[in-house]
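A short write-up of the structure that comes next.
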Amino acid sequence: MELQHLHTCLENTFAANFVAYYRAHIAHINIEGRHFLQDHKLLQKIYESLQENIDTLGEKIRTIKAFAPNSLTTVLGVSPLADMEVSGDAVELLESVDESIEVLIDLYKELAQLAKFATYIDIENFAQDQVGVLAKFRWMLEATLEETEEE
């Protein structure tokens, strides 16, 4: 039973990470405004990290003898992050990515706990590391948004 819970959480995290990657990448491409260069670079760091995690999470799924979701329909069906239009001004785009990061932090925390109970130390360590990486991105996004609001 523990392994089934771990598999479900891994699959949900994979799917949410995939959606968050897409949101961040599209925000990176479409962002405009006075702080274009800094926002563009920050979003690039975020989407590159999330893109790398797609492969890593897929491999973690395989280590528990399961298969990664094999269609976008499945990814969108199991993702806690819903498909949505990624549009708006710079603040709206950054807020959208920040919301995605918040969801991912919670998923990675849950993944770390489930991996610990199922004694998959490699998955637990990976998930804990991602909480730290994502918390840093959240801080950067929120600091950038705070700066924008003060102007």
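Residue indices begin at 1 and follow the sequence shown.
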Inset, instruction - Check the hydrophobic clustering (I, L, V, M, F, W, Y; side-chain heavy atoms under 4.5 Å; chains of links allowed) and say if Leu72 and Met84 are grouped together. - result: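 Different hydrophobic clusters.
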Quick one: does [X]'s side chain get under 4.5 Å of [Y]'s, heavy atoms only?
X     : Y      : answer
Leu3  : Tyr120 : yes
Asp89 : Ile31  : no
Thr13 : Lys60  : no
Asp98 : Ile46  : no

Legend entry - Tyr22 atom OH, over 12 foreign heavy atoms within 6.0 Å: no
Inset, instruction - For the residue pair Ser96 and Glu92, confirm or rule out a side-chain donor-acceptor distance under 3.5 Å. - result: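 Note: Ser96 and Glu92 side chains miss the donor-acceptor criterion.
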Inset, instruction - Check Leu114, Thr63, Ile64 against Leu10 for a side-chain contact (heavy atoms from CB on, under 4.5 Å) and give me the one that passes. - result: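 Among Leu114, Thr63, Ile64, the one that satisfies the side-chain contact (heavy atoms from CB on, under 4.5 Å) with Leu10 is Ile64.
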Legend entry - Qualifying residue, where the test is side-chain contact (heavy atoms from CB on, under 4.5 Å) with His28 and the options are Lys45, Gln44, Glu48, Lys41: Gln44
Inset, instruction - Supply the atom-to-atom distance Glu102 CD to Glu142 CD, rounded to the nearest 0.5 angstrom. - result: 6.0 Å
Inset, instruction - Report the distance from atom CG of Leu94 to atom CG of Leu141, rounding to the nearest 0.5 Å. - result: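 Separation between the atoms: 6.0 Å.
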Legend entry - Ring geometry between Phe126 and Tyr108 (parallel below 30°, tilted from 30 to 60°, perpendicular above 60°):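 Ring orientation of Tyr108 relative to Phe126: perpendicular.
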Legend entry - Thr144 side chain to Met140 backbone, donor-acceptor under 3.5 Å: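 Side chain of Thr144 to backbone of Met140: a pair is present.
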